[in-house]
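Taking it in order: structure first as structure tokens, then the write-up.
So you know, we letter chains A, B, ... as the sequences are listed, proteins then strands, and number each from 1.
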Amino acid sequence: MVAAQTSSQPFSITLRVWRQAGPKQPGKFVDYRSANLSPNMSFLEMLDVVNDELTAKGEEPIAFAHDCREGICGTCSCTINGKPHGPGRGVATCQVYMRSFRDGDVVTVEPFRAEAFPIVKDLITDRSAFDRIQQAGGFITARAGSAPDANAIPVPKPDADLAMDAATCIGCGACVAACKNASAMLFVAAKVSHLGLLPQGQAERDKRVLAMVQTMDELGFGNCTNQYECSAACPKLISHDFIARMNRDYFKASLRASFRPESIGASGGAG
Amino acid sequence: MATLDSKVPAGPLADKWRKHKADIKLVNPANKRKYEVIVVGAGLAGSSCAATLADLGYKVKCFVFHDSPRRAHSIAAQGGINAAKNYQNDGDSVYRLFYDTIKGGDYRSREANVHRLAEVSVNIIDQCAATGVPFAREYGGLLANRSFGGAQVSRTFYARGQTGQQLLLGAYSQLSRAIGAGTVELHAQSEMLDLVLVGGQAKGIITRDLVSGKIERHAADAVVLATGGYGNVFNLSTYARGSNTTAIWRAYKRGACFANPCYTQIHPTCIPVSGDYQSKLTLMSESLRNDGRIWVPKNKADCGKDPNAIPEADRDYYLERMYPSFGNLCPRDIASRAAKRVCDEGRGVGPTALGVYLDFSDAIRRLGENGVRERYGNLFDIYHEITAESAYKTPMRIFPAVHYTMGGLWVDYNLMSNIPGLFVLGEANFSDHGANRLGASALMQGLADGYFVIPYTIGDYLASQKPGSRPSADSVEFKGAEENVTAMNRRFLANQGKAPVSHYHKRLGKIMWEFCGMARTKQGLEQALQQIPALREEFWANVRVPGSADTLNQSLEQAGRVADFLELGELMCRDALTREESCGGHFREEHQHPDGECKRDDANFGHAAAWEYQGPDKTPLRNVEALNYEFVKMSVRNYK
């Protein structure tokens, strides 16, 4: 965390915010002055105050995505001073506090930018492409009522821990916004690794990685060129090692699919 | 007057659910696809319900106001999920989980529902493990457990401090599978704004597409609400900013009874408020109380000192002192009130003096800093982000905050409200937690309702509906409800007021916290019942909602939600005023034992109060469902 503002004195900044009325309208930066800030205020609370001032003047407030405000739901998604989720390491936009800024700073706020995340309004983008990747294979098929006793399938602790590291992804899209290619490899790799590391996930392992990667490609995300900006911007610090793991999985699955093409993706009806 | 038939099956407690499942009607597989079910909400209860109903063969439409079902606030639950697996061999059983939950709820929940919850808790863990939830494991690969408040066994399963996230992503993965297979139709960024009744039965909803602004009519054979709790009526809470009461409140205004609205849970361990701009209070998981010790200085004079400089002898570990057998792990309502009491005595710490210490120095000595980091690292990180203090070096400061609502729409044993065809799951209903919820039980209830209860009980209702009898969304009832919604939006946008919505939300929150918070009095509640209608009137006269109805408009969304909170707050105060006793999270200062504990009045209030809407500005009707304790003796809760 960058602790720039050390005193508890109120201070002011200039916000340079991307305003765009709708997906088809042109956007532009607009400056707002934000005064009387406390270092203990969160960045989104600062935006709340600016918005209340705009509303009182009869202007439309800045639309921004947010919900839990504790860094877990993945809704908030601002690029602050060119960095997805702003200053600080391992935090989401909602966990950025005004103590990271200095009196008189000009702070630029933009939406996450990627072709696969079209802008809806101001700082809000449409990230439903992530949901579609999940729908393509980000699951273990297990109907309620059919599960064996949970302890019937032991999972070695190191595997469970590593799976958990991958599973902490909050689906915010910072990895895509940070990548010069707007690649979704870290997001997809996290889900593929999480499920692929667990014994429960083996039955659909090949099908999952092939389907998720294919969907990712179809939705307009770019390719990975191993710059690892994704991991650096990730609010959960998910390691790019998972990308290597997914590449390995993808390679093996592709090989197996080419030898057993009929077994991949066949849904099979009851006789 | 509404009929409140709990439909609890007869027979021995442990046989009720098994017998009920054998007795209720089934829908044959070929007919299931002829029924459409609307599920509103996609938290643990909503997503598990939508996925499971789709797997059974029903046509499901799922509505969420979030941009993705994965955002629902179940995701923020930290500590864990209870289940009576007895993997620890420490004496746990279905009966013990049932008993702990009944007692934790201060004998204000329905026995049969709670027993069923304890029974299916074991299936939930199996189901979640099967779907790939990465629960904490021991070195042998088997599941690990931790302890939680209100229990003397270790029955809580967890995934670091992110159990809710992992369980929600598990349920979301099942929902995603169903969406991908085309068996669930997802409507994201779509907010339910009215319930449609046809012939007295719930047959559809009116929604607003939050991106295009389009008002839509959706018909179905049954409607399931899994829309969470209403704690944001207090403005400041641990809820997500978007959490709201709108779906259940508008259903209430269509005739669904609202039960025990005054039962709110104030969580003892949250990060204290720092200023007026505050939008959110952050929870520090109850699991921290396993290893953290809560204290305040014995002497007021020490309150401003560096806590590390206060010697052991001058610290008051008040929970350990007052409740030696449960100590720091006493239930939430008790821990919260104790914190309030020591702060009221002038022994609170921190800049606002509304705080107590949660100290890990003993645990760090015992486990080492890394041992503590392994268990709670992410919570310590969150604390550091917010306060810029390291809890490894200095004790955390915590204070109670609104966290959960036990009240909600009244439901019978089948989770159906008094409106036929309207089912309510998870936090949105009132059924399982009585007057106080134990830690790690919310996740359990959400998944129990969605995975293991509604799939059986909804069939019993649908089997009574002729396949294909679903009314048209063009019927007069739908058009009337749509007009209601558009009229409200028009009124907001035409209002030439001055103040933003947040202004009224903050003021309502202050009234609620002061008069309907941790301690309530007759006089205070009567004052609130004067102030809230006046504030509501001012809101409608002076609120400013910029923008238009046919684009994304967050001010308009917020205005509708706060309008509902302004009505709900009044009902909560009315309920709290009428309930002349103290129980669980509802503490009336007039009704306490000399030691400050809750004084229940089982003879006069051993019931659920289910409020029935009578029209705008009319006093709602208070219906009563007697709670018949057949198997457990109602007794004074004792955690000493």
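- For the side chain to side chain contact (heavy atoms under 4.5 Å, CB included) with A/Ile72, the qualifying choice from B/Ile75, B/Leu168, B/Ile382 is B/Ile75, the only one to do so.
- Between B/Lys280 and A/Glu70 there is a salt bridge, with a side-chain nitrogen of the basic residue lying less than 4.0 Å from a carboxylate oxygen of the acidic one.
- In this structure, chain A has heavy atoms under 4.5 Å from both the backbone and the side chain of B/Gln127.
- Counting all heavy atoms, side chain and backbone alike, A/Arg143 lies closest to B/Leu56 at NH2-N, 4.3 Å.
- For the atom pair CZ of B/Arg177 and CD1 of A/Ile140, the computed distance is 11.0 Å after rounding to the nearest 0.5 Å.
- Per-residue heavy-atom pair counts under 4.5 Å with chain A were compared for B/Ser243, B/Ala51, B/Gly180, B/Pro134, and the maximum is reached by B/Pro134.
- Heavy atoms closer than 4.5 Å to chain B are found nowhere in A/Leu54, neither backbone nor side chain.
- Side chain of A/Lys157 to main chain of B/Glu138: no donor-acceptor pair is present (N/O by atom type, distance under 3.5 Å, no hydrogens or angles).
- Counting heavy-atom pairs under 4.5 Å between each of A/Arg69, A/Lys191, A/His66 and chain B puts A/Arg69 at the top.
- Side-chain contact annotation: B/Ser279 with A/Glu45, donor-acceptor N/O pair under 3.5 Å present.
- At a cut-off of 3.5 Å, with distance as the only test, no side-chain donor of B/Ser274 or A/Asn40 sits close to an acceptor on the other residue.
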Taking it one step at a time, do B/Gln162 and A/Thr168 satisfy side-chain contact (heavy atoms from CB on, under 4.5 Å)? CA-CA 8 Å; B/Gln162 290 139 277; A/Thr168 55; 3.3 Å; yes

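- A donor atom on one side chain and an acceptor atom on the other are not found under 3.5 Å apart for B/His73 and A/Asp67.
- Contact between A/Ile62 and B/Gln554 at its shortest, heavy atoms only, is O-OE1, 4.1 Å.
- With a 4.5 Å cut-off on non-hydrogen atoms, B/Ala188 does not touch chain A at all.
- A salt bridge links A/Asp149 with B/Lys85; the closest basic N to acidic carboxylate O contact falls under 4.0 Å.
- Only one option out of A/Asp52, A/Thr55, A/Asn51 pairs with B/Ser502 in a side-chain hydrogen bond (donor to acceptor under 3.5 Å, both in side chains); it is A/Asp52.
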